[in-house]
Amino acid sequence: MDSVRIFDTTLRDGEQSPGFSMNTEEKIRMARQLAALGVDIIEAGFPISSRGDLDAVQQVAREVRTVPIAALARAKQQDVNAAIEALEPAAAPRLHIFLATSDLHLRVKLNMTREQALEAISSMIRLGRNSVGEVEFSAEDAGRTDIGFLCQVCQVAVDAGATILNLPDTVGYAVPDEYGAMFEQVRAHLDDPQGITLSAHCHDDLGLAVANSLAAVRAGVRQIECTVNGIGERAGNAALEEIAVALAVRKESFGVTTNIKLEELFRSSRMLTEITGAVVAPNKAVVGANAFAHEAGIHQDGIIKNPLTYEIMSPESVGVPSRSFVLGKHSGRNALKVSLRTLGYEPSDEELAECYKRVTTLADEAKQVRPRDLVAIAHEVMRRRPAAVAAEASSAV
Ligand code: KIV
Ligand code: ZN
């Protein structure tokens, strides 16, 4: 099966967004975890942005030897030189050069003609290739770039020595069929060149970053750029955990694999939260607190009979310690019985009915029944210690 490379940009595109900045030590800690997670490339920073970021990229490159390290540069000589300096200690360096290619960005932001853009792309890739063996080129705002010009840009980048062509939907404007079609057109124009990897990089302004990335895979893209917890500019980047799990759970449909160790996803997510202090939404796919929590009685009953009824992957498969049954006004007797058993109680039918009555009354008032509330209810209703504790006590006599 074909493999899709996961290019992690948590430490660059993620880190440059509000509330997510990291110091060098934090970047190194996170980079080690990304290596354990099995990402194929770590983009460690944007060296021209500050001396601190250049140093951080260097330190990450020194400490993490098993994964290629990328550094970002605009198509400007001082940027390319800073990135080359930052990558100097890397075991496997990748220089990532970008230039905006949409007419809007060229005119308003860069004050450049298309011809000047082509010249800058070609000369800066050639400059980079003199020092770094692997160069990626990104056509910023590719999603809003005239397709004819985008094809020209890609050809110039390949001719200058870039082997990875990244076509970002920088502003999260694309929809899946359009984004996939863009790659198909570029591939056709380049005549499916051997040794060139097409790459997707999506932002989530319309909530479509993951869907667009997956559409790109269907169109032949073999590198996806993404971030842990989907952090990144504005609404964020495509979420690494969602892409990895989607490609694994729907492997038959996509026909590709990744090197991601799914069981490291939860740990990676939690580490990022701990470092940045930014918690993920409870309903976030894969790593949110509710991703494997069940409150509705019908769902709890189904899960007890067979988890496949309401879970498309197990919590353990993505590193979540266990699923949870939330006791609230929607929960059912079966889940209550399982929760009481976990606490060591074996209620009779009458006792279970009484506990259920009290739990739902409390849930109506308090919204959720905490474990200690359940212990109190169980103790009052059954007026005895949990079965396991009682058995232990009697065997000790
Ligand atoms: O979103 C974007 O276009 C980027 C590029 C710099 C790769 O982050
Ligand atoms: Zn981006």
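Every heavy atom of this structure was used, including side-chain atoms; hydrogens, water molecules and symmetry mates were not. Order of appearance sets the numbers: ligands from 1, and atoms from 1 within every ligand.
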Novice: May I ask you to decide if D141's main-chain N or O and T145's side chain share a donor-acceptor pair within less than 3.5 Å?
Specialist: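 Yes, because the side chain of T145 sits within donor-acceptor range (under 3.5 Å) of the backbone of D141.
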
Novice: Answer with side chain, backbone, both or neither: which part of T170 has a heavy atom less than 4.0 angstrom from an atom of ligand 1?
Specialist: both

Novice: Enumerate, atom names and distances included, each donor-acceptor pair closer than 3.5 Å involving a side-chain atom of residues 324-332, sequence neighbours excluded.
Specialist:
| residue | atom | partner | partner atom | Å |
| --- | --- | --- | --- | --- |
| H330 | ND1 | E295 | OE2 | 3.1 |
| S331 | OG | G328 | N | 2.7 |
| S331 | OG | G328 | O | 2.6 |

Novice: Between Y179 and F183, how do the two ring planes meet: parallel, tilted or perpendicular, split at 30° and 60°?
Specialist: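 Correct class here is perpendicular.
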
Novice: Taking the side chain from N290 and the backbone from A293, do they hold a donor-acceptor pair closer than 3.5 Å?
Specialist: no

Novice: Establish, from distance only, whether the side-chain atoms of N237 and D13 form a donor-acceptor pair under 3.5 Å.
Specialist: yes

Novice: Just jot down the ligand 1 atoms closer than 4.0 angstrom to any heavy atom of E140, in number order.
Specialist: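 So the atoms of ligand 1 that pass are 3 (O).
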
Novice: Mind telling me whether H96 and F7 have parallel, tilted or perpendicular rings, with 30° and 60° as the class edges?
Specialist: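 Geometry flag for H96 against F7: perpendicular rings.
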
Novice: Taking atom CZ of R51 as the centre, report whether more than 12 heavy atoms of other residues, nucleotides or ligands fall under 6.0 Å from it.
Specialist: yes

Novice: Under 4.0 Å, heavy-atom basis, I'd like to know which part of H201 is in contact with ligand 1: side chain, backbone, both or neither.
Specialist: side chain

Novice: Give every protein N, O or S atom lying under 2.8 Å from the Zn ion (ligand 2), naming each by residue and atom.
Specialist: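 Protein N, O or S atoms closer than 2.8 Å to the Zn ion (ligand 2): D13 OD2, H201 NE2, H203 NE2.
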
Novice: Restricting to side chain to side chain donor-acceptor pair (under 3.5 Å), what partner residues turn up for R341, sequence neighbours left out?
Specialist: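 So R341 forms a side chain to side chain donor-acceptor pair (under 3.5 Å) with E346.
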
Novice: Residue-level breakdown please: for E233 versus ligand 1, do any non-hydrogen atoms fall below 4.0 Å on the side chain, on the backbone, on both, or on neither?
Specialist: neither

Novice: R250: what forms a side chain to side chain donor-acceptor pair (under 3.5 Å) with it, not counting sequence neighbours?
Specialist: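 With sequence neighbours excluded, R250 shows a side chain to side chain donor-acceptor pair (under 3.5 Å) to no residue whatsoever.
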
Novice: Could you see which bit of R12 sits under 4.0 Å from ligand 1, with heavy atoms only: side chain, backbone, both or neither?
Specialist: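 For R12, only side-chain atoms sit under 4.0 Å from ligand 1.
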
Novice: What do the steps show when you test E88 against Q58 for side chain to side chain donor-acceptor pair (under 3.5 Å), and what is the final call?
Specialist: CA-CA 7 Å; E88 209 265 321; Q58 273 188 340; 5.6 Å; no

Novice: Is the shortest N/O to N/O distance between D141 and ligand 1 below 3.5 Å?
Specialist: no

Novice: Any idea which atoms of ligand 1 are less than 4.0 Å away from a heavy-atom of H203?
Specialist: 1 (O)

Novice: Of all the atoms in ligand 1, which lie at a distance below 4.0 Å from a heavy atom belonging to P168?
Specialist: 2 (C), 3 (O)

Novice: Are the side chain of N166 and the backbone of S138 linked by a donor-acceptor contact shorter than 3.5 Å?
Specialist: no

Novice: Return yes or no for this condition: an N or O of H96 is under 3.5 Å from an N or O of ligand 1.
Specialist: no

Novice: Need the ligand 1 atom indices (1-based, order shown) with element for anything under 4.0 Å from a heavy-atom of S138.
Specialist: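 Close to S138: 7 (C).
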
